[in-house]
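All residue numbers in this chain count up from 1 along the given sequence.
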Amino acid sequence: MPENPEKIAYAHKSVLVTEVLRYINPEPHKIYVDATFGGGGHTRAILDAEPTCKVIGIDWDMKAIEENEPALMAQYGDRLTVLWGNFAHIYKLLKQAKIDKVDGILADFGTSQFQIHHKAGFSFQKDTLLDMRMSPAHQRKTAADIVNGYTEQDLAKLFFSYGEEAQAKKIARAIVLARTEKRITTTGQLVDLITSIMPVHHEKRTIHPATKVFQALRIEVNHELENIDSFLKAAISFLNPQGRLVCISFHSLEDRIVKNFFKEHSTLEILTPKPVTASPEEVQENPSSRSAKIRAALKK
């Protein structure tokens with residue numbers, strides 16, 4: 001069974017901060033967008049790196065804004081503006097804020113430790129409701145709705161396509177059999193089901209057996225891949241000439257979207273022919289960075 005959430009301690013650390021600053025390249029009096037404000041780590045780094053620039057933070061998790069905005073506003077004042085909304089709607093959000101052009105846009109597509117430990121369903125190490133919605137105000141469908149409502153074929157396709165899970169069919173079959181007896185409503189139920197098929201302790205396994213299924217469900221619930229695509233298409237329209245677009249991905253599905261988008265747009269000059277990853281020192285200090293990849297492009 002997952003651990004009691006009260007026993008789990010955590011501290012959120014933004015990943016690839018040095019690399020973000022290298023590629024976003026903050027300059028005096030210019031405006032930057034942190035499209036995934038989260039814990040505010042990247043926003044703080046940009047504001048500290050150039051004391052006259054401004055940052056517009058965007059996040060659709062109101063709890064993250066309520067938790068992290070006050071301290072940064074107290075420190076940086078009118079150099080910081082935080083907007084509530086999904087980065088996929090960056091066009092509407094910036095237009096409503098009367099922003100026409102900016103000099104750099106950053107997006108970190110990872111799920112923050114704040115979200116994992118504060119929101120129901122995100123962690124397979126905590127027994128909570130199987131929810132996984134990053135913003136319940138914007139979404140109705142939960143992970144439990146998917147697990148209990150999708151057909152066996154659709155579940156298998158989801159786990160394979162979005163989780164790249166080799167045992168997708170076996171897990172989907174077990175879920176469908178289990179839910180005929182009792183609705184699956186918690187992370188603990190789902191984890192126990194998965195580990196009954198794929199034991200946690202296995203000499204060839206380097207990650208928890210539930211990792212890929214939880215990833216697939218989170219992507220589906222939050223429309224993460226579609227949101228990235230919408231974000232990228234809108235973001236470049238706001239960049240001034242020589243403005244930078246910097247994206248941090250955590251799995252191949254996200255990275256592939258960014259890579260292909262950069263290649264397909266002749267108005268962008270690619271600054272990272274290959275994705276840049278965290279240094280061994282950062283991975284040791286912050287294990288969350290081990291799968292992070294950064295890509296950057298310059299608007300010509």
**OP:** Report whether Ile219 and Tyr150 are members of the same hydrophobic cluster (ILVMFWY, side-chain heavy atoms less than 4.5 Å apart, transitive linking).
**Re:** yes
Original post:
Is Asp103 paired with Lys299 through a side-chain N to carboxylate O contact shorter than 4.0 Å?
Top reply: no
**OP:** Give a yes or no on whether the backbone of Asp61 and the side-chain of Asp59 come within a donor-acceptor separation of less than 3.5 Å.
**Re:** yes
Original post:
Could you walk me through whether Val276 and Leu16 pass the side-chain contact (heavy atoms from CB on, under 4.5 Å) check?
Top reply: CA-CA 9 Å; Val276 176; Leu16 297 170; 5.5 Å; no
Original post:
Looking at CG of Leu225 and CD of Glu220, how far apart are the two atoms once the value is rounded to the nearest 0.5 Å?
Top reply: 9.5 Å
Subject >> CD1 on Ile105 to CZ on Phe231, rounded to 0.5 Å >> reply: 5.5 Å
Would you tabulate the side-chain donor-acceptor contacts of residues 251-259 under 3.5 Å, counting partners in other chains and residues two or more places apart, or write 'none'?
from: His251; atom 1: ND1; to: Leu253; atom 2: N; distance (Å): 3.3
from: His251; atom 1: NE2; to: Glu254; atom 2: OE2; distance (Å): 3.4
from: Ser252; atom 1: OG; to: Glu164; atom 2: OE1; distance (Å): 3.2
from: Ser252; atom 1: OG; to: Glu164; atom 2: OE2; distance (Å): 3.1
from: Glu254; atom 1: OE1; to: Phe250; atom 2: N; distance (Å): 2.7
from: Asp255; atom 1: OD1; to: Arg295; atom 2: NE; distance (Å): 2.7
from: Asp255; atom 1: OD2; to: Arg295; atom 2: NH2; distance (Å): 3.1

Original post:
Are Phe87 and Phe109 close enough that their ring centers fall under 6.0 Å?
Top reply: yes
Subject >> Pairs satisfying side-chain hydrogen bond (donor to acceptor under 3.5 Å, both in side chains), at least one member in residues 26-37, at least two apart >> reply: Asn25-Glu27, Glu27-Lys30, Asp34-Thr43
Subject >> Sidechain-backbone polar pair: Gln215 side chain, Tyr162 backbone, donor-acceptor under 3.5 Å >> reply: yes
Original post:
Can you check side-chain contact (heavy atoms from CB on, under 4.5 Å) on Glu19 and Val246, steps first, answer last?
Top reply: CA-CA 10 Å; Glu19 291 78 6; Val246 180; over 6 Å; no
Original post:
Got Val221 and Gln139 here, is their nearest side-chain heavy-atom distance under 4.5 Å?
Top reply: yes
Subject >> Cluster link Leu177 to Phe159, ILVMFWY, side chain under 4.5 Å >> reply: no
Original post:
Is it the case that one hydrophobic cluster holds both Val176 and Ile197, taking links as side-chain heavy atoms less than 4.5 Å apart, direct or via other members?
Top reply: yes
Original post:
Has the side chain of Glu282 got a donor or acceptor atom that lies under 3.5 Å from a matching backbone atom of Val15?
Top reply: no
Subject >> Closest non-hydrogen atom pair, Ala45 against Leu21 >> reply: O-CD2, 3.6 Å
Subject >> Side chain proximity check, Leu245 to Leu232, heavy atoms < 4.5 angstrom >> reply: yes
**OP:** Output yes when Glu152 and Arg173 qualify as a salt bridge under the 4.0 Å nitrogen-oxygen rule, no when they do not.
**Re:** yes
Original post:
Between Thr195 and Asp192, is there a donor-acceptor pair closer than 3.5 Å when you use the side chain of the first and the backbone of the second?
Top reply: yes
Original post:
Got a donor-acceptor contact below 3.5 angstrom from the Asn227 side chain to the Ala88 backbone?
Top reply: no
Original post:
Within the side chain of Arg290, is there an N or O that forms a donor-acceptor pair under 3.5 Å with the backbone of Pro287?
Top reply: yes
Subject >> Minimum-distance pair of heavy atoms, taken over all atoms of Asn68 and Gly38 >> reply: ND2-O, 3.1 Å
Original post:
If only atom types and distance count, is the side chain of Thr187 paired as donor or acceptor with the main-chain N or O of Thr128 below 3.5 Å?
Top reply: yes
Original post:
Is the side chain of His208 donor-acceptor paired with the backbone N or O of Ala210 at a distance under 3.5 Å, no angle test?
Top reply: yes
Original post:
Does Ser249 use its side chain to pair, donor to acceptor, with the backbone of Lys293 at less than 3.5 Å?
Top reply: no
Original post:
Which distance, rounded to the nearest 0.5 Å, do you find between the CZ of Phe214 and the CD1 of Ile194?
Top reply: 6.0 Å
**OP:** Determine whether Asn222 and Trp60 make a side-chain contact, defined as any pair of heavy atoms from C-beta on separated by less than 4.5 Å.
**Re:** yes
Original post:
More than 12 heavy atoms of other residues, nucleotides or ligands under 6.0 Å from CD of Glu285: is that the case?
Top reply: no
**OP:** Starting at OG of Ser291, measure out to CD1 of Ile248 and round the result to the nearest 0.5 Å.
**Re:** 11.0 Å
Subject >> Any side-chain heavy-atom pair of Ile228 and Phe261 under 4.5 Å >> reply: no
Original post:
Between Cys53 and Leu47, what is the shortest heavy-atom contact and its length?
Top reply: O-CD2, 3.8 Å
Subject >> Side-chain (Thr142) to main-chain (Asp145) donor-acceptor, under 3.5 angstrom >> reply: yes
Original post:
Rounded to the nearest 0.5 Å, how far apart are CG of Leu80 and CZ of Phe37?
Top reply: 6.0 Å
Original post:
Is any side-chain heavy atom of Lys170 closer than 4.5 Å to a side-chain heavy atom of Met198?
Top reply: no
**OP:** Take Leu130 and Thr186 through the test side-chain contact (heavy atoms from CB on, under 4.5 Å) and record every step on the way to the result.
**Re:** CA-CA 5 Å; Leu130 197 55; Thr186 68; 5.7 Å; no
**OP:** Please report the shortest heavy-atom distance between Leu268 and Lys300, naming the atom on each side.
**Re:** O-CE, 3.7 Å
**OP:** Measure the spacing between CD1 of Ile184 and NZ of Lys182 and express it to the nearest 0.5 Å.
**Re:** 10.0 Å
**OP:** Measure the shortest side-chain to side-chain distance between Arg218 and Met134 over non-hydrogen atoms and say whether it is less than 4.5 angstrom.
**Re:** yes
Subject >> Pairs satisfying side-chain hydrogen bond (donor to acceptor under 3.5 Å, both in side chains), at least one member in residues 83-101, at least two apart >> reply: Lys95-Asp100
**OP:** Please report the closest heavy-atom contact between Pro28 and Thr52, naming both atoms and the distance.
**Re:** CA-OG1, 3.2 Å
**OP:** For residues Tyr76 and Asp48, report the shortest heavy-atom separation together with the two atoms involved.
**Re:** OH-OD1, 2.6 Å
**OP:** Could you go through the side-chain contact (heavy atoms from CB on, under 4.5 Å) check for Leu217 and Leu190 one step at a time?
**Re:** CA-CA 11 Å; Leu217 287 169; Leu190 184 57; 3.7 Å; yes
